[in-house]
Amino acid sequence: MAEIKSLPKPGNYSLDDIVIHTNLEEGKSEIINLRNMFTTVSITSSIHLKAMKITINVMDEYGIFEHADLLGDELISVRWKTPDYFKKESPEREMFFRIVNIQNVTPNETIDGYNFTISGVSELFYYQSFANITGHMSGTVKSMVENVFEEAIKSTTDFGDGLALSSKSQLKNASDTLGVIDINIPSETPFDTMDYLLAWASDNASSMYFFYQRLDGYFFDSLNDIVRFQPNREITFTALKNSHRLRLDPFRAAESFASPKTAVQKIMDFNQIQRNGTFALADEGALHNTVATVDYVKKTVDRKSNKFSEVMLEAEPLGMSEPPYLQTTKNYFEKFEKESNSTDFFYLNSGQVNAVDATESIIKRKILGKSLFNNLISCKIYGRSDLDVGDIVNLNVVKTDIGKSQKVDDPVMSGFFLVKDLVHTFTPNGYHQGLTLCRTGSDEYKPSENESEEEGSVSIIFNDGSTIGEGGLTGA
């Protein structure tokens, strides 16, 4: 890897490989390096996406489209690194994709060649699409996730073309789940089977689970594990004060920062894309939700309901609480009756040996999901190879309705946020990341006079053993 010896301006990166591998079936593994031909490279990830995607816009003056005989399923490898702006070395990233489409092929008379766009998906996702899961499954959801993922890995052996699998194609974490269930899968790919398992997964906290890919592997995570337990994210409390702190100060927007370390934390574009109030929650049936359980065997219908305020109270150990901009209608929450059309139906066969009542999980998912994704923020920052989807970042957004000499952070748009979506964008001129953030409901932790930053009651646990205490996670 090319060594970056100094701290250049933010947005710099070292892109050693952006390579198409051809003729893998014949074992020749010829390569086409796009490093001098791409105009943009975008890598997309999200806690809602089962696999990462890549898009490459190419300006081809060498005639590779005509002469390389691209079939549209070649392997792509991308390898990059950013400068070490902070004390911890920035990781080198390497990802493998499979081309699934070549489109927008247009002549470019300026270069006497073609412009075209390459679209790809992560390599394991590509291979597992040819596999099949069908029939009866029994056990814990966690054990089923591990078995289904193993079937996805096994599917790669049917292709003898040098699969570029590594630790990045492993299941790095499968969160614990409650109960033992019996389910039938009606002929699905391994990754589509994960949708069934996500629906059945539950715990004592939020019962919200996500199956997604990060730069270091695949995760089947509960919201509890994502928000509270950060060892899998390689984040420390120090990181939230440095590398994972993002700043927006309108009073200094026009200033240039002398320190690259300070400049790389600067937010370039900022937009609060969604902040719903009471009406939106009521309209979506998230204030007082009801689930009707229809039992085929007993021929009964039982209804169970819960209120927004009650579910949010149970979620306080996660650091989630009612947003402050809903406090004015809090009293109404207590009096609010069930919304029209807010009843969900759950069909249960109690005659099964392992029949699980998922009523509570359905209610929690609906209410907590609406709360978690209620305050969404999008921002653009300078690219860093140490930041990934599923990370927690510490957002500092200065209020604009006060004097410059009295600068304080906005209480709604500052604090700890989860990186929900992340798009890496590379151009010949620089590297930036587009983030979609959702608030976990926690303010920046401020330890008391007699408490160090690494002490206190546990609420967020980091891989260096430090924690953030519950006392600091108030408000939203």
Next on the checklist: Can you confirm whether more than 12 heavy atoms, excluding those of Y114, are under 6.0 Å from its OH atom?
Outcome noted: no
Across all chains, not counting sequence neighbours, the salt bridge (charged side-chain N to carboxylate O under 4.0 Å, His left out) partners of D195 are K50
Does E151 have any salt bridge (charged side-chain N to carboxylate O under 4.0 Å, His left out) partners at least two apart in sequence or in another chain, and if so, which?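 Partners of E151 by the salt bridge (charged side-chain N to carboxylate O under 4.0 Å, His left out) criterion, ordered by chain and then number, come out as K154.
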Could you check whether any side-chain heavy atom of [X] comes within less than 4.5 Å of a side-chain heavy atom of [Y], counting everything from C-beta outward?
| X | Y | result |
| --- | --- | --- |
| I381 | L435 | yes |
| T40 | F426 | no |
| D203 | N224 | yes |
| I32 | Y62 | no |
| L171 | E146 | yes |
| M52 | I43 | yes |

Are [X] and [Y] linked by a side-chain donor-acceptor pair shorter than 3.5 Å?
| X | Y | value |
| --- | --- | --- |
| D221 | N173 | yes |
| Y196 | E188 | yes |
| R247 | Q265 | yes |
| S175 | D225 | yes |
| N57 | T117 | yes |
| S42 | H424 | no |

- Name all pairs fulfilling the salt bridge (Lys or Arg N to Asp or Glu O under 4.0 Å) condition that reach into residues 416-426, sequence neighbours left out, sorted by first residue then second.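 Pairs touching residues 416-426 that pass the test: none.
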Looking only at heavy atoms, which two atoms of [X] and [Y] are closest? And how far apart?
| X | Y | answer |
| --- | --- | --- |
| C379 | L437 | SG-CD1, 4.0 Å |
| S385 | R93 | O-NE, 2.7 Å |
| S138 | V180 | OG-CG1, 4.4 Å |
| T193 | I133 | OG1-CB, 3.5 Å |
| L15 | R79 | CD1-O, 3.3 Å |
| R384 | Q433 | O-NE2, 3.0 Å |

Q.
Tell me whether the NZ or CZ atom of R439 lies within the 45° cone about the ring axis of F416 and under 6.0 Å from its centre.
A.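 Output no; distance or angle outside limits.
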If the threshold is 4.0 Å, N to carboxylate O, is there a salt bridge linking [X] and [Y]?
| X | Y | result |
| --- | --- | --- |
| D391 | R214 | yes |
| D176 | K142 | yes |
| E74 | R98 | no |

Reference residue L34; test side-chain contact (heavy atoms from CB on, under 4.5 Å); the match among I118, V78, V41: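 Passing option: I118.
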Q. Which of these passes side-chain contact (heavy atoms from CB on, under 4.5 Å) with I31: V19, I20, T22?
A.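 Single side-chain contact (heavy atoms from CB on, under 4.5 Å) partner of I31 among V19, I20, T22: V19.
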Item to complete: Test side-chain contact (heavy atoms from CB on, under 4.5 Å) on K81 and S90 and set out the steps.
Response: CA-CA 7 Å; K81 188 182 187 299; S90 296; 4.1 Å; yes
State yes or no: are the ring centers of F191 and Y218 separated by less than 6.0 Å?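 Ring centroids of F191 and Y218 are less than 6.0 Å from each other.
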**Q.** Validation row, ring centre H48 to ring centre F210 under 6.0 Å
**A.**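 Yes - the distance between ring centres of H48 and F210 falls below the 6.0 Å cut-off.
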(Q) In terms of relative ring orientation, are W80 and Y431 parallel, tilted or perpendicular, with 30° and 60° separating the classes? (A) perpendicular
How are the rings of F220 and Y209 set relative to one another: parallel (under 30°), tilted (30 to 60°) or perpendicular (over 60°)? tilted
Pair S14-D16, side-chain hydrogen bond (donor to acceptor under 3.5 Å, both in side chains): steps then yes or no = CA-CA 6 Å; S14 173; D16 274 10; 3.3 Å; yes
CD1 of I76 to CZ of F97, rounded to nearest 0.5 Å, is 8.0 Å
Exercise. Atom CD of Q170 and atom CD1 of I153: how far apart are they, to the nearest 0.5 Å?
Worked result: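 The distance works out to 7.5 Å.
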